[in-house]
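The block underneath contains the structure these notes are about, expressed in structure tokens.
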Amino acid sequence: MTSHQPERDIDSSLHEDRVFEPPAAASVGSAPWHVGSLTEYEAEHERSVKDPAGYWGMVARRLRWMGPYERVLEGQFPDARWFTGGRLNACDNCVDRFVDEGYGDETAIVWEGEPELSGGGSGAPEVRRLTYKDLQEQTARLGNALKKLGAKKGDVVTIYMGMVPELVIAMLACARIGCPHSVIFGGFSSQAIADRVVDANSRIILTCDGAWRRGKVVPLKDNVDKAIEMMGGQSPVEHVLCFGRCHNDIAWGSPDRCWQEEMAAASDDCPCEPMDAEDMLFLLYTSGSTGKPKGIVHTTAGYLLYTAHTARLVFNLVPDAGQLYWCTADCGWITGHSYIVYGILQNRVPTLMYEGAPNFPAEDRFWDIVERHKVTHFYTAPTAIRAFMKWGEEHPRGHDLSSLQVLGTVGEPINPAAWMWYREVIGGGSSGKQPCPIVDTYWQTETGGHAITPLPGATPTRPGSCTRPFFGIDAAVVHADGSECEPDKGGLMVIRKPWPGMLRGVYGDRERFIETYFSTVMIDGKPVYTAGDGARRDRDGNFWIMGRIDDVINVSGHRLGTMEVESALVAHEAVVEAAVVGVPHEIKGTGIAAFVTLAKGHAPSESLKRELGEHVAQTIGAIARPDQVRFAEALPKTRSGKIMRRLLRDVAAGVDGQQDTSTLEDFTVLAKLRENDE
Ligand code: WTA
């Protein structure tokens, strides 16, 4: 791990002293708080960390098991295993158990499509409601359709779909028949699909013809076709099952099957496969410091339990209390996996899915959805909140948001101004009502679920702090030697004991798993989990995340490796060398600045900048498009040949992307001046 300065300086929050006490439950909704005071939280946290087996054994009674486990926890980092010997199925815990318990006709998913064209162009949005029975039938049919295509227990199935209910059905159907899923975000490129499909050796891809985004069709099936072409002889793909959503023109080749036809032909009798507690439930690729994205492995029992329990306590979910929960993430990210699908469905609270963009057809779309559906729980990212602020208060003010009870944020540090706006404008604080509590949830793809977060009825909150560790999380801020940092001093964010939702590996790369997470900090000679974030803890025990300390940048709450972007750039014929750094960005939190040196025969120009930006977007996905592309004579390096990233960061942060010129920059003088500090 390199010793970079934290990616994002949240200096203003270092002096944040506003504290907001949790509201009384009666003032925000009808359900009582599961955890109602800080004292209760503290006692329970202490117990959960001292006796993880006792604590999680108690919570595990909430799962529906098909066979008993022998031990709650076996082994330690990096190889802790949970509920060994136990048998259960994830789809059963999200769907079938509720049908068996008599809730089959209740709504599990409320879905709203993006286009407002249905109803003969009347502008009425397209809404679908799926009950637990619907999900049971659909996952069973799809499970059988997958089996017909040759899917066997343990085979990784790739899912590359838009935000339609069929995406959730696809995930759950895989779980139903014991096939781990690998969901790829629909905004990723063909190259990204190819890399992930090859790495996972996935023979089946589930996709859509297209996805709606701001009134246009994203050609998902075309992207899959291109990915298969790119893989050439390396392609493991045998079948592509395509759901018709947009009815755009698509090519139809020999591996292609029509979703709707296969479903109609399949039987709806497909029992949930009993899985071992530690069988892989899914793989999810995420960016790291080096190389290509890695497949983070999550297993069945621990992940299910951890997501259900965090969702229940952090959002205060209660069935039959009129709650409607909405997370605005895409299922292609861990937030969607844990808190659109698994954590929420297990709590028998309906989960709302929205297909499209927040500003289509207008900038009040989200608030219109909250008002029409009476959303009670709303979970989004700071980058979205900053965009809402910019679009103007009139949009939320024009809607009745009084149904809201708990607000959440995730993905990146939230600046205090955005936090306050969220509380006042969305949470109703400025209307004189008791504002909704805000839960700023810090976690990662690797943690499976919330790691550090307030509990809405228990934890006093501070704008910009994710506050306290969740139950069972033994979090600390430490020096490289493992000793704890003094209050208010920055250090490395670590977790010292295993927790049920933790990743179990990096797919096919044991070395990378150990190297990335369990080699940086040792305590008493034993490895602890290193998150890759810088943090500090204040005198009251609250955590403040300072941002990534590795070569990962967090763009609009989405993780990208600087090296991925650099590799994409050097693959362009005009580029010899590239260095990519994060740069503060008003809306995205962190934007991307790329410094490149050009090959002979290529001259700096505005059009080349655009071309390089487009090239990166094509290679990885639009989220990776650099905000600044700058041409350099040479990249500034130390005598030992290391690129001086800190210098580049300062240079990038010092200019407005709009104003920089397309001429070559010469960093040699600056580099010489700086060499001593690197
Ligand atoms: C960052 C997303 C500050 C952090 C769930 C982490 C946050 C990375 C927060 C993981 C938060 C996430 N406050 N930073 N509340 N939540 N992060 O894997 O840098 O996509 O390491 O998981 O996002 O991103 P990932």
Side-chain angles (χ1 to χ4, degrees), residues 91 137-162 164-186 188-211 218-270 272-273 280-285 295 331-332 507-508:
C91 185
E137 189 213 314
Q138 303 270 313
T139 55
R141 283 186 193 277
L142 184 57
N144 281 329
L146 285 168
K147 285 183 186 170
K148 198 176 116 195
L149 298 180
K152 302 230 162 36
K153 189 170 169 174
D155 290 351
V156 177
V157 172
T158 297
I159 301 175
Y160 179 72
M161 299 176 72
V164 285
E166 281 66 22
L167 165 52
V168 178
I169 290 167
M171 294 165 71
L172 294 170
C174 289
R176 192 172 188 94
I177 61 169
C179 290
H181 52 70
S182 164
V183 183
I184 303 175
F185 170 54
F188 277 131
S189 67
S190 303
Q191 184 63 55
I193 303 172
D195 292 344
R196 287 158 175 76
V197 164
V198 168
D199 188 77
N201 193 27
S202 180
R203 290 187 298 122
I204 300 176
I205 302 183
L206 304 182
T207 190
C208 298
D209 49 3
V218 182
L220 297 180
K221 170 68 165 57
D222 285 358
N223 292 347
V224 169
D225 292 347
K226 277 190 214 126
I228 294 176
E229 208 179 294
M230 280 174 181
M231 288 181 268
Q234 262 194 309
S235 171
V237 179
E238 290 166 15
H239 302 287
V240 176
L241 190 57
C242 180
F243 176 73
R245 162 67 184 144
C246 301
H247 308 292
N248 46 315
D249 275 341
I250 53 172
W252 206 253
S254 60
D256 302 332
R257 302 276 176 282
C258 167
W259 179 297
Q260 278 95 335
E261 278 172 21
E262 297 295 320
M263 289 287 274
S267 140
D268 62 2
D269 180 16
C270 176
C272 291
E273 187 71 30
M280 176 162 56
L281 175 60
F282 66 84
L283 256 181
L284 184 60
Y285 284 85
C331 286
Y507 193 66

>> Going by side chain to side chain contact (heavy atoms under 4.5 Å, CB included), name the residues that satisfy it together with Ala211, two or more places apart in sequence or in a different chain.
In response: Val218, Leu220
>> Quick one: does any side-chain atom of Ser202 pair with a main-chain N or O of Thr158 as donor and acceptor, under 3.5 Å?
In response: yes
>> Whether the side chain of Asn144 engages the backbone of Ala266 through a donor-acceptor N/O pair (distance < 3.5 Å, no angle test) should be reported.
In response: no
> Listed by chain and number, what are the side-chain hydrogen bond (donor to acceptor under 3.5 Å, both in side chains) partners of Glu262, not counting sequence neighbours?
Replying inline: Lys148
>> Working note: Leu167 + Val183, criterion side-chain contact (heavy atoms from CB on, under 4.5 Å); need CA distance, chi angles, decisive distance, verdict.
In response: CA-CA 9 Å; Leu167 165 52; Val183 183; 4.2 Å; yes
> Between the main-chain N or O of Gly253 and the side-chain N or O of Asp256, is there a donor-acceptor pair closer than 3.5 Å?
Replying inline: yes
>> Which residues pass the side-chain hydrogen bond (donor to acceptor under 3.5 Å, both in side chains) test with Arg203, not counting sequence neighbours?
In response: Asp155, Glu238
> What's the spacing between Lys147 NZ and Arg176 CZ if we round to 0.5 Å?
Replying inline: 9.0 Å
> Can you list the steps and then say if Asp225 with Lys221 is a side-chain contact (heavy atoms from CB on, under 4.5 Å)?
Replying inline: CA-CA 6 Å; Asp225 292 347; Lys221 170 68 165 57; 2.9 Å; yes
>> Using 0.5 Å steps for rounding, measure from the SG atom of Cys91 to the CG atom of Leu281.
In response: 10.5 Å
> With sequence neighbours left out, what residues match Phe188 under side chain to side chain contact (heavy atoms under 4.5 Å, CB included)?
Replying inline: Ile184, Phe185, Ala192, Arg196, Trp333, Ile620, Ile623
>> So Val164 and Cys208, do their side chains get closer than 4.5 Å, heavy atoms only?
In response: yes
>> Return the SG to NZ distance between Cys179 and Lys153, rounded to the nearest 0.5 Å.
In response: 10.0 Å
> When you check the side-chain N and O atoms of Tyr285 and Asp195, is any donor under 3.5 Å from an acceptor?
Replying inline: no
> How about Pro236 and Met231: do any of their side-chain heavy atoms sit closer than 4.5 Å?
Replying inline: yes
> Could you walk me through whether Leu241 and Leu142 pass the side-chain contact (heavy atoms from CB on, under 4.5 Å) check?
Replying inline: CA-CA 10 Å; Leu241 190 57; Leu142 184 57; 3.7 Å; yes
> Taking atom CG of Asp268 as the centre, does the number of heavy atoms from other residues, nucleotides or ligands within less than 6.0 Å exceed 12?
Replying inline: yes
>> If you count heavy atoms of other groups shown closer than 6.0 angstrom to CD of Glu261, is the number above 12?
In response: no
> Do Asn248 side-chain atoms and Asp209 backbone N/O form a donor-acceptor pair below 3.5 Å?
Replying inline: yes
>> Run the ring-ring contact (aromatic ring centres under 6.0 Å, His included) test against Phe282 and tell me which residues pass, sequence neighbours left out.
In response: His181, His298, Tyr303, His337
>> To the closest 0.5 Å, what do you measure between SG (Cys270) and CD (Gln138)?
In response: 13.0 Å
> Given Ile228 and Val240, is the side-chain contact (heavy atoms from CB on, under 4.5 Å) satisfied, shown in steps?
Replying inline: CA-CA 10 Å; Ile228 294 176; Val240 176; 3.8 Å; yes
>> List the residues meeting side chain to side chain contact (heavy atoms under 4.5 Å, CB included) with Ser190, not counting sequence neighbours, and say none if there are none.
In response: Asn223, Lys226, Ala227, Met230
